[in-house]
Amino acid sequence: MNAKQGTNMQVKKDNRNRVFRYIRKQGTVSNPDISYATKMSLPTVTMMTKELIEQGLVEEIGELQSTGGRRAKALAVSVNARQAAGLDITRNHIGLALTNLAGEMLEYKRMYLPYADAAEYYNGVKDRMEAFLESCGVDRERILGIGISFPGIIDLKKEQIAKSHVLGVKALPFSSVSRFFSYPCYFQNDANAGAYAEGMHAEPLERFFYLSLSNTVGGAFYSGGRLEQGTNFRCGEVGHMTVVPDGERCYCGKSGCLDAYCSANRLSDLTGGKLREFFLRLEQKDAKAADVWDSYTTYLSLAVNNIYMVLDCDIILGGYVGSCIQNHMQDIREKVLQRNTFQEEASFVRRCSYQEGAAALGAALAVTETFIEQI
């Protein structure tokens, strides 16, 4: 193949990819719609959609209403032509998700399973995943792979979980996990996965920082449809930025980290580890819960404002705490505004879109995105 042929094939692939993404985003469209929106000629678009139909990725679903001439054929993505599974591994639980090509979460299940870096554990996860897929009636031939979310530093170059304090593992090769599954496996940090799920709703040029407030604190920076990884795959690790010099000791061994002040445990410790019970007590005007919440949001607002000052973008509050704060966003926004130099309102502080399963969903969506890039 000469250089010109290679270039032409790449241009054709890029055009086909643009067409597929446009159909996926719009839901139902016609070839003229696509041609107008993408600035590609109608014959080129028609050829692209014909190829996508032949691949089973797009289908004709009738005709659109006439605007005065011949009715155009209605096209839509064959959303279940391919599916992806998501697996979120935490210290005491696993989350399982199933998604389709439209990025919809078809099913989600969370179950108790304490982590152990042992064959018995991974075999147990595999069995539960297979049972989950079976209960969903999944055609295994359509599964693109499994996206696996881990709490820790994911080194994509070395293909290993470089370090996870929460799970007590270091330099764990991806292959030590993936060998237990009969599908391709793709690995992500849990905060990155949560951010990826949020990014599904984002506009192409949107930027935001996802602050994951779970039993550990993490973060991820999403910009222009991509996650920023950082030189050492640690971009967004705000849980270990210092908010109180020589303050409380963090699990990492340092003192004064944000994680020591804003992990979900700071709230759930008051209610026997049950986070939703804490928020129930808070809404019932429990004095002790109110004191804990006041302290928590003071440090949280400090972190949110600092992140905003550096990145100048929306801050999305996610993780376990983010899923419970629907009635308390005003508390947080008011405290952020007290620290902010420029803003007169704090709508840039947002609550996450997903109240459960964000990491498992985001991990699965990354698998789907890998597939779409190759269309």
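In this text, all values refer to a predicted model and were calculated from it rather than measured experimentally.
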Kindly compute the distance separating [atom1] ([X]) from [atom2] ([Y]), expressed to the nearest 0.5 Å.
{"X": "Lys163", "Y": "Lys170", "atom1": "NZ", "atom2": "NZ", "result": "5.0 Å"}
{"X": "Arg281", "Y": "Leu267", "atom1": "CZ", "atom2": "CG", "result": "11.5 Å"}
{"X": "Cys324", "Y": "Arg351", "atom1": "SG", "atom2": "CZ", "result": "8.0 Å"}
{"X": "Ser176", "Y": "Gln160", "atom1": "OG", "atom2": "CD", "result": "10.0 Å"}

Heavy-atom pair of closest approach, residues [X] and [Y]:
{"X": "Leu133", "Y": "Tyr183", "value": "CD1-OH, 3.8 Å"}
{"X": "Thr99", "Y": "Met105", "value": "CG2-CA, 4.3 Å"}
{"X": "Thr368", "Y": "Ala84", "value": "OG1-CB, 3.6 Å"}
{"X": "Gly147", "Y": "Val367", "value": "N-CG2, 3.4 Å"}
{"X": "Cys252", "Y": "Cys257", "value": "SG-SG, 3.8 Å"}
{"X": "Gly218", "Y": "Ala191", "value": "C-CB, 4.1 Å"}

Are side-chain heavy atoms of Phe371 and Leu101 found at a separation under 4.5 Å?
yes

Is there a side-chain contact between Val238 and Phe209 in this structure, where contact means two heavy atoms from C-beta onward sitting under 4.5 Å apart?
yes

Go through the steps to decide whether Ser175 and Ser178 satisfy the test side-chain hydrogen bond (donor to acceptor under 3.5 Å, both in side chains), and finish with yes or no.
CA-CA 5 Å; Ser175 58; Ser178 62; 5.6 Å; no

Salt-bridge contact Arg16-Glu51 (side-chain N to carboxylate O under 4.0 Å):
yes

Does Arg24 pair with Glu104 as a salt bridge, N-O distance under 4.0 Å?
no

Taking atom types as modelled, is there a side-chain donor on [X] or [Y] under 3.5 Å from an acceptor on the other?
{"X": "Asp331", "Y": "Thr297", "result": "no"}
{"X": "Arg266", "Y": "Tyr299", "result": "no"}
{"X": "Ser268", "Y": "Thr271", "result": "no"}
{"X": "Gln188", "Y": "Ser149", "result": "no"}
{"X": "Asp33", "Y": "Gln26", "result": "no"}
{"X": "Thr298", "Y": "Lys335", "result": "yes"}

Step by step, work out the ring-ring contact (aromatic ring centres under 6.0 Å, His included) result for Tyr296 and His328.
CA-CA 12 Å; Tyr296 184 93; His328 306 281; over 10 Å; no

Derivation and outcome, ring-ring contact (aromatic ring centres under 6.0 Å, His included), residues Tyr308 and Phe348:
CA-CA 9 Å; Tyr308 183 73; Phe348 64 87; 3.8 Å; yes

Arg249 side chain to Gly253 main-chain N or O, any donor-acceptor pair under 3.5 Å?
yes

Tell me if the centroids of the rings in Tyr121 and Tyr115 come within less than 6.0 Å of each other.
yes

side-chain hydrogen bond (donor to acceptor under 3.5 Å, both in side chains), that's the test. Do Glu373 and Asn17 meet it? Break it down for me.
CA-CA 7 Å; Glu373 287 176 350; Asn17 197 275; over 6 Å; no

Does the structure place the NZ or CZ of Lys126 under 6.0 Å from the centre of the six-membered ring of Tyr122, at an angle of no more than 45° from the ring's axis?
no

Over 60° means perpendicular and under 30° means parallel, so classify the ring planes of Phe278 and Trp293, tilted if in between.
tilted

Assess whether atom CD of Gln326 is packed by more than 12 heavy atoms of other residues, nucleotides or ligands within 6.0 Å.
yes

